[in-house]
Amino acid sequence: FGQLKYIMHNIFNGLFWYVFPCCLVFTNDIMAYVSGMTWGRKFINRPFIRFSPGKTWEGFIGGWIFTMVIAWYLSGFLAKFTWMTCPTNEF
């Protein structure tokens, strides 16, 4: 029973550090795709990566900007929930 209590304690302590990066990865992938499809090759006409010709600089920059904005607001939003933040070190 002690092992299960320790595992559950670790899962709940790290819930923010699981949800937050996953949401940022999803945001980055989706917004890089949307930015690349919307503004791709309209402002910068150089290839981004030679072995992946579908990638654009606009997608890379748009994904980065949207990820930074979402990270700022999502961290504040998730910190409001007590079950999402790390509690004290008491078992």
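One-based numbering along the sequence shown.
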**Q.** Hphob cluster co-occupancy, V19 + F26, side-chain heavy atoms under 4.5 angstrom
**A.** no
Q: Of all the heavy-atom pairs spanning G36 and T56, show the shortest one and how long it is.
A: CA-OG1, 3.6 Å
Q: Following the transitive rule for hydrophobic clusters with a side-chain heavy-atom cut-off under 4.5 Å over Ile, Leu, Val, Met, Phe, Trp and Tyr, establish whether W64 and I61 coincide in one cluster.
A: yes
Q: Step through the shown structure and confirm whether more than 12 heavy atoms of other residues, nucleotides or ligands are within 6.0 Å of CE on M37.
A: no
Q | Value rounded to 0.5 Å, distance of CD1 in I70 from CD1 in I65 | A | 12.5 Å
Q) Do the side chain of T38 and the main chain of S35 share a donor and acceptor less than 3.5 angstrom apart? A) no
Q: Indicate if F81 and Y18 have the same hydrophobic cluster label, given that clusters are the connected sets of ILVMFWY residues with side-chain heavy-atom separations under 4.5 angstrom.
A: yes
Q) Hey, is CZ on F20 packed in by over 12 heavy atoms from elsewhere, all under 6.0 Å? A) yes
Q | Parallel, tilted or perpendicular: rings of F60 and W57 (30°, 60°) | A | perpendicular
Q) Is the shortest heavy-atom distance from the side chain of L74 to the side chain of T27 under 4.5 Å? A) no
**Q.** Verify same cluster id: F16, V25 (apolar side-chain graph, 4.5 Å)
**A.** no
Q. Linking I/L/V/M/F/W/Y whenever their side-chain heavy atoms sit closer than 4.5 Å, directly or via other members, would W17 and F77 fall into one cluster?
A. yes
Q: Mind listing the closest non-hydrogen atom pair of E58 and R41 along with its distance?
A: OE1-N, 3.1 Å
